[in-house]
Protein chains: 2
Amino acid sequence: MASIKEIAKLAGISMGTASFVLNGKGDQMRISKATQEKVLAAAKELGYRPNISARRLRSEGEKVVPVIAILWTLDTRVSLISRFLEGIQGTFAGQGDGFELMVQPYENSKLDKLNSLITGTRFNGAIVANASDEDIAYLENNEINVPIVLYQRKSDKYSTVSVDSYQSGVMVADLFANRGHKTSGIILPNVSSQAVRLRKEGFMDRAHSYGLQVPSNHIVSGSFSEEGGYQCVKELISKGELPSSLFTLSDQMAVGALTALYEEGIRVPQDVEIMGHDNNENTKFTIPSLSTIHLPVEEMAAACVNMLMDLIEQKVKAPVSKLFNSSFVIRQSCGGVCEDN
Amino acid sequence: MASIKEIAKLAGISMGTASFVLNGKGDQMRISKATQEKVLAAAKELGYRPNISARRLRSEGEKVVPVIAILWTLDTRVSLISRFLEGIQGTFAGQGDGFELMVQPYENSKLDKLNSLITGTRFNGAIVANASDEDIAYLENNEINVPIVLYQRKSDKYSTVSVDSYQSGVMVADLFANRGHKTSGIILPNVSSQAVRLRKEGFMDRAHSYGLQVPSNHIVSGSFSEEGGYQCVKELISKGELPSSLFTLSDQMAVGALTALYEEGIRVPQDVEIMGHDNNENTKFTIPSLSTIHLPVEEMAAACVNMLMDLIEQKVKAPVSKLFNSSFVIRQSCGGVCEDN
DNA sequence: TTGAAAGCGCTAACAT
DNA sequence: ATGTTAGCGCTTTCAA
């Protein structure tokens, strides 16, 4: 990468002059037009691009604020990042610049490729979201020198912010059983995720102890999207009789599931009751409105930032953990008021 | 901010030694336990935090890759960022590290507060999304030294990637007129945005020339969200008779609008036909499915990155522009196949 | 086991 | 109108 020094040499002038021109201060500094053109030509020829780190190092004296990275997978779960960002924005808005936020996309199960986690040359701390089991294994088995907070994952080594996903599953099984259901099904996103697995386990364990039947042909999985949920329901239907209750582990999939059921003439909640998970904003507006488990994403996001800041500033020592509660949001699709039953 | 130099002084040792300890290389370099503890204690006392810029400058020799920032407002429109990121990911996945991506949140109409745009100390180039009219005015009236690309905004001074929003409005008016509608309404998000204004103008102008009636009481606005769309419909209803066609300028609002209509027993498309805008993924799964204008967000995102890279590498000179086409996605809510009509 | 010092690329103060 | 230079904070080589 071409530096100012090289530009200066090529243009036959000094670094200082080149710097002025390159920063648009040529006129202000009364650099002659001829010189300015020489500099610009040289910069273009060498494909000059300023080194941000050098510029920053030199320019910012006092107010170096910590850089916080949000490590988010760029698979279908990107759609969830908006609530996370809203939580951060809502909490820290107007509090000045306590930190600098960057979103660092990474490929699912390829966290080991992100070597800025090791070198610490990009951010002062990171919030790791959507970590797969491989990603977690990588983190557990390696020395990460940058402070990190795991979002919605458990760990003995690292700090975490999460809800008790197992308990969420238990809650739904309780609800289904209490509402008199004898059979149930599960729609799962096919991502390798602790949180999803725990929800399922909690649900299955409790269902079992209640005698709520969840046969294996009523457990289906699909992509983490509306389309995935739609396909899951189609698959369930193709397999024969439906259960009277259905736990969809992601709201996004639940939206597609509702559509598939509607197309097939299966009434919700009369024929099948549906519970989603997350309490995404639009679940209030599905037809029928979706009952779901509220995931306090916004609060958790703010907690992640606070915890990470404390870690970075060495006010606390890893690992620390914060556990949030999930709760029911009862709407029409399960347990709520429904006009025509 | 404490530096290594200060740590070294406080601990009574040299900078080099402090650096080793702070980077977890203490044992490897056979620094004595006593010294290591002194360093760590000093670091904690001073609240040491490494300076990322300095570290980077020192460490990364060859492969300094350009930093691209996505400037996105942290208002309700954050939900749109996922498609944008997906577009970038989908296009550049596996192409190695041609650039570094950061998402830089900013407050709507406060782009002038983001002075890294002027100082160029944060990124090599930026994609500016959701710019309000004030933001655009700020950009037009100031010398921005960092290469930028405006997403979905027009400008004579800066490079842009957009669709012809006016034309989108025209298309919808055409469709409504051709389908025999005599009256129409508009649901607008209350954000200060060129794109929204142009869609509206295109629609109104063409409606006028067709004799399609759009009385002012059928033009309502609300927040950019499902809730906003829901409230808009409630407002329309409270005002009296509904038009037979409704152009909702954002899909997210359209989802809420459909729910409000359903609640009121107004059938879509039999009583009112609805057109959304954007072609968000979930519009395929609303009940009824939503007809909408496809906005090629993913392609535009990729184009933004490509254009910005060319700008940064000085392969092209600003301003350059790229215009994409929008197109109809006809589903049940307007013009599509509907079982029970 | 530790210290000294060079130098990453840049900007700006100072010198001509 | 342009050149010279110090130094931002850090890592790492070399020396002791």
Side-chain angles (χ1 to χ4, degrees), chain A residues 1-9 11-39 42-43 46-67 116 118-122 124 145-146, chain B residues 1-9 11-39 43 46 48-67 116 118-122 124 145-146:
Chain A
M1 197 61 241
S3 69
I4 283 202
K5 196 190 266 181
E6 296 172 58
I7 307 255
K9 200 162 94 186
I13 44 88
S14 75
M15 281 173 57
T17 306
S19 174
F20 287 136
V21 175
L22 259 8
N23 286 306
K25 293 181 186 160
D27 291 338
Q28 184 186 330
M29 288 297 167
R30 297 193 287 193
I31 309 293
S32 73
K33 277 282 168 249
T35 305
Q36 293 206 36
E37 272 162 35
K38 268 192 296 182
V39 172
L46 296 167
Y48 174 71
R49 164 168 39 90
N51 181 313
I52 300 296
S53 309
R55 202 179 249 182
R56 262 190 114 160
L57 177 59
R58 173 58 223 243
S59 307
E60 78 200 341
E62 291 302 294
K63 41 167 292 264
V64 235
V65 122
V67 181
S116 32
I118 305 274
T119 59
T121 50
R122 299 275 312 278
N124 293 101
N145 253 304
V146 179
Chain B
M1 196 61 243
S3 68
I4 282 202
K5 196 189 263 180
E6 296 172 58
I7 307 254
K9 200 162 96 185
I13 44 88
S14 75
M15 282 173 59
T17 305
S19 174
F20 287 135
V21 175
L22 260 8
N23 286 307
K25 294 181 186 160
D27 290 337
Q28 184 186 329
M29 289 295 165
R30 297 194 290 195
I31 310 292
S32 72
K33 277 281 167 250
T35 306
Q36 293 206 36
E37 273 163 34
K38 269 192 298 184
V39 172
L46 271 52
Y48 173 72
R49 168 168 33 94
N51 182 311
I52 300 295
S53 310
R55 204 178 245 183
R56 266 191 110 162
L57 177 59
R58 174 56 222 240
S59 307
E60 77 200 342
E62 290 301 293
K63 41 169 289 269
V64 235
V65 123
V67 181
S116 33
I118 305 275
T119 60
T121 51
R122 297 277 313 280
N124 293 100
N145 253 303
V146 178

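All heavy atoms count here, side chains included; hydrogens, waters and symmetry mates do not. All chains are named by letter (A, B, ...) in the order of the sequence lines, taking the proteins before the strands, and each is independently numbered beginning at 1.
If you check every strand for non-hydrogen atoms under 4.0 Å, B/Ser53 touches nothing. Counting non-hydrogen atoms under 4.0 angstrom, A/Ile13 reaches the backbone sugars and phosphates but no base. Across all strands shown, B/Lys33 has no heavy atoms under 4.0 Å from either base or sugar-phosphate atoms. Within the nucleic acid shown, B/Ser32 comes within 4.0 Å of sugar-phosphate atoms alone, with no base atom in reach, counting heavy atoms only.
Straight-line distance from the CD1 atom of A/Ile52 to the C1' atom of C/dG9: 11 Å, rounded to whole Å. Per the geometry, CZ belonging to B/Arg55 stands 18 Å off P belonging to D/dC8, to the nearest Å. The distance from atom CE of B/Met29 to atom C1' of C/dT1 is 12 Å, rounded to the nearest whole Å. As a whole-Å value, the separation of B/Met15 CE from C/dA5 P is 12 Å. Atom CZ in A/Phe20 sits roughly 12 Å away from atom C1' in C/dC10 (whole-Å rounding).
A distance-only check finds a donor-acceptor pair linking the side chain of A/Ser59 to the backbone of A/Arg55 [under 3.5 Å]. In this structure, A/Asn145 contributes its side chain and A/Ile118 its backbone to no donor-acceptor pair below 3.5 Å. Within the 3.5 Å criterion, the main-chain N or O of B/Ser53 finds a donor-acceptor partner in the side chain of B/Asn51. A distance-only check finds no donor-acceptor pair linking the side chain of B/Glu6 to the backbone of B/Leu46 [under 3.5 Å].
Along DNA chain D, the nucleotide nearest B/Asn23 and the nucleotide nearest A/Gly16 are compared for position; the residue whose nucleotide lies closer to the 5' end is A/Gly16. A residue-by-residue look at B/Gly12 and B/Thr119 shows that B/Gly12 has its nearest nucleotide of DNA chain C further toward the 5' end.
With D/dT2, C/dA12, D/dC10 as the candidates, the nucleotide lying closest to the side chain of A/Lys25 is C/dA12.
Within the 4.0 Å cut-off from OP1 or OP2 of C/dG3, at least one side-chain nitrogen or oxygen of B/Thr17 is found.
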